[in-house]
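Comments concern the structure below.
Hydrogens, waters and symmetry mates play no part in the numbers below; they use all other heavy atoms, side chains included.
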Amino acid sequence: MRIGIVFWGALVVHLVASGAPSSTLSSSETPVAAGTAPHVATYGLCSAPQNAEAFPSSPVADEESQCSNTQTFQATSPNGNYGGGTCGGYTVAFGPLGDFKRKRKYLWLVGKWGDAPLTQANCASARVAVAAWGYRCSNTACTAGAWERIGTANSRKGVWNTTSQTCGLSAQANATLTDYSTVNIDVIATQGSGSTAVRKRAAASIYNEQPNGKCPSATYTPRPPP
(Lines give C-alpha, C1' and ligand atoms only; values in the text may rest on other atoms or scores of the structure.)
Protein backbone atom coordinates (compact mmCIF):
# COMPACT_ATOMS: atom_id res chain seq x y z
CA MET A 1 0.00 0.00 0.00
CA ARG A 2 1.32 3.40 -0.94
CA ILE A 3 -0.81 6.14 0.59
CA GLY A 4 0.51 9.58 1.42
CA ILE A 5 -0.23 13.24 1.28
CA VAL A 6 1.55 14.09 -1.93
CA PHE A 7 0.00 16.00 -4.77
CA TRP A 8 0.14 13.97 -7.97
CA GLY A 9 0.08 17.11 -10.08
CA ALA A 10 3.52 18.00 -8.78
CA LEU A 11 4.82 14.61 -9.82
CA VAL A 12 3.64 14.31 -13.39
CA VAL A 13 6.34 14.96 -15.96
CA HIS A 14 5.03 16.30 -19.25
CA LEU A 15 5.43 14.04 -22.23
CA VAL A 16 7.94 15.17 -24.79
CA ALA A 17 7.89 13.58 -28.23
CA SER A 18 11.12 11.96 -29.25
CA GLY A 19 13.09 13.30 -32.17
CA ALA A 20 14.13 9.74 -33.01
CA PRO A 21 12.56 7.93 -35.98
CA SER A 22 10.12 6.11 -33.70
CA SER A 23 7.96 4.85 -36.57
CA THR A 24 10.72 2.37 -37.40
CA LEU A 25 10.75 0.84 -33.91
CA SER A 26 8.52 -2.07 -32.91
CA SER A 27 6.22 -1.86 -29.88
CA SER A 28 7.84 -4.85 -28.17
CA GLU A 29 10.23 -5.07 -25.23
CA THR A 30 13.05 -5.21 -27.79
CA PRO A 31 12.16 -2.50 -30.33
CA VAL A 32 15.52 -2.03 -32.02
CA ALA A 33 16.57 -4.18 -34.96
CA ALA A 34 19.90 -5.98 -34.67
CA GLY A 35 22.77 -3.89 -35.94
CA THR A 36 21.00 -0.55 -35.48
CA ALA A 37 23.46 2.09 -34.30
CA PRO A 38 22.03 4.31 -31.52
CA HIS A 39 22.81 8.00 -31.20
CA VAL A 40 24.27 9.52 -28.07
CA ALA A 41 22.03 11.91 -26.14
CA THR A 42 22.18 13.49 -22.67
CA TYR A 43 24.20 11.94 -19.80
CA GLY A 44 25.50 9.18 -22.08
CA LEU A 45 21.98 7.85 -22.62
CA CYS A 46 20.60 7.12 -26.10
CA SER A 47 18.29 9.28 -28.20
CA ALA A 48 15.77 6.45 -28.66
CA PRO A 49 14.51 3.48 -26.61
CA GLN A 50 16.89 0.52 -26.51
CA ASN A 51 16.34 -3.22 -26.29
CA ALA A 52 15.67 -4.29 -22.72
CA GLU A 53 18.15 -6.36 -20.78
CA ALA A 54 15.43 -7.18 -18.25
CA PHE A 55 11.65 -7.50 -18.67
CA PRO A 56 8.89 -9.77 -17.36
CA SER A 57 8.33 -12.70 -19.70
CA SER A 58 5.09 -13.80 -18.01
CA PRO A 59 2.11 -11.85 -16.61
CA VAL A 60 2.91 -9.66 -13.60
CA ALA A 61 0.40 -9.93 -10.75
CA ASP A 62 -1.91 -6.98 -10.16
CA GLU A 63 -1.63 -6.68 -6.39
CA GLU A 64 -4.50 -5.12 -4.49
CA SER A 65 -3.96 -2.82 -1.53
CA GLN A 66 -6.48 -0.82 0.48
CA CYS A 67 -6.98 1.81 -2.22
CA SER A 68 -5.39 0.61 -5.44
CA ASN A 69 -4.20 -2.20 -7.68
CA THR A 70 -0.54 -2.10 -8.67
CA GLN A 71 1.73 -4.01 -11.02
CA THR A 72 5.41 -3.81 -10.07
CA PHE A 73 8.48 -4.96 -11.97
CA GLN A 74 12.00 -4.46 -10.64
CA ALA A 75 15.45 -5.51 -11.85
CA THR A 76 19.11 -4.89 -11.00
CA SER A 77 22.07 -5.22 -13.33
CA PRO A 78 24.51 -8.02 -12.44
CA ASN A 79 27.46 -5.63 -12.84
CA GLY A 80 28.42 -2.24 -14.28
CA ASN A 81 29.05 -3.59 -17.77
CA TYR A 82 25.85 -2.50 -19.53
CA GLY A 83 24.77 -0.30 -22.41
CA GLY A 84 25.86 -0.21 -26.03
CA GLY A 85 29.21 0.73 -27.40
CA THR A 86 28.33 4.39 -27.96
CA CYS A 87 25.52 5.12 -25.50
CA GLY A 88 22.93 3.70 -23.16
CA GLY A 89 22.66 2.14 -19.74
CA TYR A 90 20.86 -0.74 -18.08
CA THR A 91 17.51 -0.99 -19.87
CA VAL A 92 14.38 -2.39 -18.24
CA ALA A 93 11.01 -2.72 -19.99
CA PHE A 94 7.47 -3.70 -19.06
CA GLY A 95 5.11 -4.59 -21.89
CA PRO A 96 2.73 -7.15 -23.38
CA LEU A 97 4.70 -10.19 -22.21
CA GLY A 98 4.20 -9.00 -18.63
CA ASP A 99 0.53 -8.14 -19.26
CA PHE A 100 1.19 -4.44 -18.72
CA LYS A 101 -2.14 -2.76 -18.01
CA ARG A 102 -2.66 0.14 -20.39
CA LYS A 103 -3.85 3.66 -19.57
CA ARG A 104 -3.57 3.52 -15.80
CA LYS A 105 -3.83 6.63 -13.67
CA TYR A 106 -0.36 6.49 -12.13
CA LEU A 107 2.83 5.26 -13.80
CA TRP A 108 6.29 5.65 -12.27
CA LEU A 109 9.59 4.58 -13.85
CA VAL A 110 12.38 4.89 -11.29
CA GLY A 111 16.14 4.48 -11.77
CA LYS A 112 18.13 3.65 -8.63
CA TRP A 113 21.57 2.86 -7.28
CA GLY A 114 21.96 -0.92 -7.41
CA ASP A 115 25.51 -1.37 -6.10
CA ALA A 116 26.98 -1.66 -2.60
CA PRO A 117 25.31 0.67 -0.08
CA LEU A 118 26.76 4.17 -0.18
CA THR A 119 28.35 5.77 2.84
CA GLN A 120 28.47 9.37 3.97
CA ALA A 121 31.96 9.59 2.49
CA ASN A 122 31.02 8.53 -1.06
CA CYS A 123 27.31 9.41 -1.28
CA ALA A 124 27.75 12.79 -2.97
CA SER A 125 30.04 11.37 -5.68
CA ALA A 126 27.44 8.80 -6.77
CA ARG A 127 24.99 9.65 -9.55
CA VAL A 128 22.05 8.07 -11.36
CA ALA A 129 20.85 9.17 -14.82
CA VAL A 130 17.63 7.97 -16.47
CA ALA A 131 15.68 8.28 -19.70
CA ALA A 132 12.18 6.79 -20.00
CA TRP A 133 10.10 5.91 -23.06
CA GLY A 134 6.62 4.65 -23.85
CA TYR A 135 5.00 3.18 -26.94
CA ARG A 136 1.76 5.17 -27.22
CA CYS A 137 -1.05 3.30 -28.98
CA SER A 138 -3.00 5.06 -31.73
CA ASN A 139 -6.05 2.79 -31.49
CA THR A 140 -7.75 0.37 -29.12
CA ALA A 141 -6.08 -2.72 -30.59
CA CYS A 142 -2.70 -0.93 -30.59
CA THR A 143 -2.03 -2.02 -34.14
CA ALA A 144 -0.33 1.34 -34.67
CA GLY A 145 1.49 3.82 -32.51
CA ALA A 146 4.87 5.39 -31.86
CA TRP A 147 7.54 5.63 -29.18
CA GLU A 148 7.82 8.89 -27.27
CA ARG A 149 9.97 10.19 -24.44
CA ILE A 150 8.32 10.23 -21.02
CA GLY A 151 9.49 13.49 -19.48
CA THR A 152 13.13 14.39 -20.10
CA ALA A 153 16.39 12.61 -19.43
CA ASN A 154 17.53 13.59 -15.96
CA SER A 155 20.36 12.95 -13.53
CA ARG A 156 20.58 13.06 -9.73
CA LYS A 157 23.47 12.83 -7.31
CA GLY A 158 23.38 11.18 -3.91
CA VAL A 159 22.17 13.15 -0.88
CA TRP A 160 23.11 11.94 2.60
CA ASN A 161 20.28 11.76 5.15
CA THR A 162 21.73 12.42 8.58
CA THR A 163 18.60 11.11 10.32
CA SER A 164 18.34 7.73 8.61
CA GLN A 165 22.08 7.52 7.91
CA THR A 166 21.39 6.49 4.33
CA CYS A 167 22.15 7.91 0.89
CA GLY A 168 19.10 8.97 -1.11
CA LEU A 169 19.72 8.41 -4.79
CA SER A 170 17.12 7.89 -7.52
CA ALA A 171 15.74 9.61 -10.61
CA GLN A 172 12.36 9.05 -12.20
CA ALA A 173 9.78 9.81 -14.86
CA ASN A 174 6.01 9.78 -14.45
CA ALA A 175 2.91 9.66 -16.63
CA THR A 176 -0.83 9.51 -16.08
CA LEU A 177 -3.72 8.05 -18.11
CA THR A 178 -1.51 7.56 -21.17
CA ASP A 179 -2.24 4.62 -23.48
CA TYR A 180 1.15 2.91 -23.53
CA SER A 181 1.47 -0.77 -24.44
CA THR A 182 5.16 -0.93 -23.45
CA VAL A 183 7.31 1.30 -21.26
CA ASN A 184 11.08 1.36 -21.06
CA ILE A 185 13.63 2.97 -18.73
CA ASP A 186 17.37 3.33 -19.34
CA VAL A 187 19.53 3.78 -16.21
CA ILE A 188 23.21 4.65 -15.71
CA ALA A 189 24.73 4.57 -12.21
CA THR A 190 28.22 6.01 -11.73
CA GLN A 191 30.73 6.71 -8.97
CA GLY A 192 33.14 9.62 -9.38
CA SER A 193 33.08 12.52 -11.80
CA GLY A 194 34.28 13.36 -15.29
CA SER A 195 36.85 10.99 -16.76
CA THR A 196 37.21 9.18 -13.42
CA ALA A 197 33.54 8.15 -13.25
CA VAL A 198 33.07 4.38 -13.09
CA ARG A 199 29.84 2.61 -13.97
CA LYS A 200 28.24 0.71 -11.11
CA ARG A 201 25.32 -1.68 -10.82
CA ALA A 202 22.05 0.06 -11.71
CA ALA A 203 18.51 -0.81 -10.70
CA ALA A 204 15.08 0.09 -12.05
CA SER A 205 11.52 -0.21 -10.79
CA ILE A 206 8.31 0.26 -12.78
CA TYR A 207 5.06 0.82 -10.88
CA ASN A 208 1.73 0.78 -12.73
CA GLU A 209 -1.10 1.77 -10.40
CA GLN A 210 -4.86 2.23 -10.65
CA PRO A 211 -7.18 3.32 -7.80
CA ASN A 212 -9.67 0.53 -7.08
CA GLY A 213 -12.55 2.77 -6.01
CA LYS A 214 -12.53 1.59 -2.40
CA CYS A 215 -11.21 4.88 -1.06
CA PRO A 216 -12.86 8.28 -1.58
CA SER A 217 -11.07 10.00 -4.45
CA ALA A 218 -11.14 13.28 -2.56
CA THR A 219 -8.97 11.85 0.21
CA TYR A 220 -6.75 9.43 -1.71
CA THR A 221 -3.45 10.54 -3.20
CA PRO A 222 -0.69 8.08 -4.07
CA ARG A 223 2.72 8.27 -2.52
CA PRO A 224 5.50 7.92 -5.08
CA PRO A 225 7.51 4.73 -4.71
CA PRO A 226 10.87 4.78 -2.92
Side-chain angles (χ1 to χ4, degrees), residues 15-62 71-104 107-112 114 128-153 171-173 175 178-189 199 201-208:
L15 300 176
V16 178
S18 165
S22 55
S23 60
T24 64
L25 301 177
S26 78
S27 62
S28 72
E29 290 85 348
T30 54
V32 184
T36 301
H39 298 287
V40 181
T42 313
Y43 309 118
L45 298 161
C46 297
S47 60
Q50 299 303 295
N51 291 336
E53 296 172 76
F55 56 85
S57 56
S58 59
V60 173
D62 199 19
Q71 290 179 298
T72 302
F73 182 69
Q74 304 183 81
T76 302
S77 66
N79 51 51
N81 184 26
Y82 47 76
T86 58
C87 65
Y90 181 60
T91 304
V92 177
F94 190 174
L97 292 177
D99 191 28
F100 179 78
K101 306 297 184 186
R102 291 163 52 187
K103 209 173 182 179
R104 287 204 151 176
L107 171 66
W108 290 274
L109 300 100
V110 187
K112 307 175 183 179
V128 166
V130 303
W133 304 84
Y135 187 88
R136 187 195 284 256
C137 300
S138 298
N139 53 47
T140 302
C142 202
T143 54
W147 285 94
E148 64 183 16
R149 179 75 62 80
I150 302 176
T152 59
Q172 67 183 58
T178 308
D179 193 8
Y180 293 134
S181 66
T182 304
V183 293
N184 174 309
I185 182 170
D186 207 12
V187 188
I188 297 176
R199 288 199 175 192
R201 295 176 67 200
S205 299
I206 300 172
Y207 304 90
N208 191 31

Residues that [X] engages under side-chain hydrogen bond (donor to acceptor under 3.5 Å, both in side chains), provided they are two or more places apart:
| X | value |
| --- | --- |
| E53 | none |
| S28 | S26 |
| N184 | none |
| S57 | none |

Which atoms form the tightest heavy-atom contact between [X] and [Y], and what is the distance?
| X | Y | value |
| --- | --- | --- |
| S138 | G145 | OG-CA, 3.4 Å |
| S181 | P96 | O-CD, 3.5 Å |
| A153 | T42 | CB-CB, 4.3 Å |
| Y43 | A129 | CB-CB, 3.8 Å |
| V92 | A52 | C-CB, 4.3 Å |
| A132 | A173 | CB-CB, 3.7 Å |

Rounded distance (nearest 0.5 Å) linking atom [atom1] of [X] with atom [atom2] of [Y]:
| X | Y | atom1 | atom2 | result |
| --- | --- | --- | --- | --- |
| L107 | I206 | CG | CD1 | 7.5 Å |
| N51 | T91 | CG | OG1 | 8.0 Å |
| R149 | W133 | CZ | CH2 | 4.0 Å |
| L109 | I185 | CG | CD1 | 5.0 Å |
| T30 | F55 | OG1 | CZ | 6.0 Å |
| Q74 | S205 | CD | OG | 3.5 Å |

- Would you call K103 and D179 a salt bridge, using N to O less than 4.0 angstrom?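 No.
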- For F100, which residues count as a ring pair (Phe, Tyr, Trp, His ring centres under 6.0 Å) partner, sequence neighbours excluded?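 Residues passing ring pair (Phe, Tyr, Trp, His ring centres under 6.0 Å) with F100: F94.
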- Item | Pairs touching residues 73-101 that satisfy salt bridge (Lys or Arg N to Asp or Glu O under 4.0 Å), sequence neighbours left out |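 Only D99-K101 qualify under salt bridge (Lys or Arg N to Asp or Glu O under 4.0 Å).
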Give a yes or no on whether the backbone of [Y] and the side-chain of [X] come within a donor-acceptor separation of less than 3.5 Å.
| X | Y | answer |
| --- | --- | --- |
| R201 | S77 | yes |
| E29 | L97 | yes |
| Q50 | A48 | yes |
| R102 | T140 | yes |
| T182 | S27 | yes |

Please set out all donor-acceptor pairs under 3.5 angstrom arising from side-chain atoms of residues 81-90, sequence neighbours excluded.
residue	atom	partner	partner atom	Å
Y82	OH	A189	N	3.0
Y82	OH	A189	O	3.3
Y82	OH	K200	O	2.7
Y90	OH	T76	O	3.4

Decide yes or no for [X] and [Y]: does some side-chain heavy atom of the first lie under 4.5 Å from some side-chain heavy atom of the second?
| X | Y | answer |
| --- | --- | --- |
| V187 | V128 | yes |
| I188 | L45 | yes |
| W147 | P31 | yes |

- Using distance alone, with no hydrogens and no angle criterion, decide if Y207 and Q71 have a side-chain donor and acceptor under 3.5 Å apart. no
- Message: List the residues meeting side chain to side chain contact (heavy atoms under 4.5 Å, CB included) with T143, not counting sequence neighbours, and say none if there are none.
- Response: N139, A141
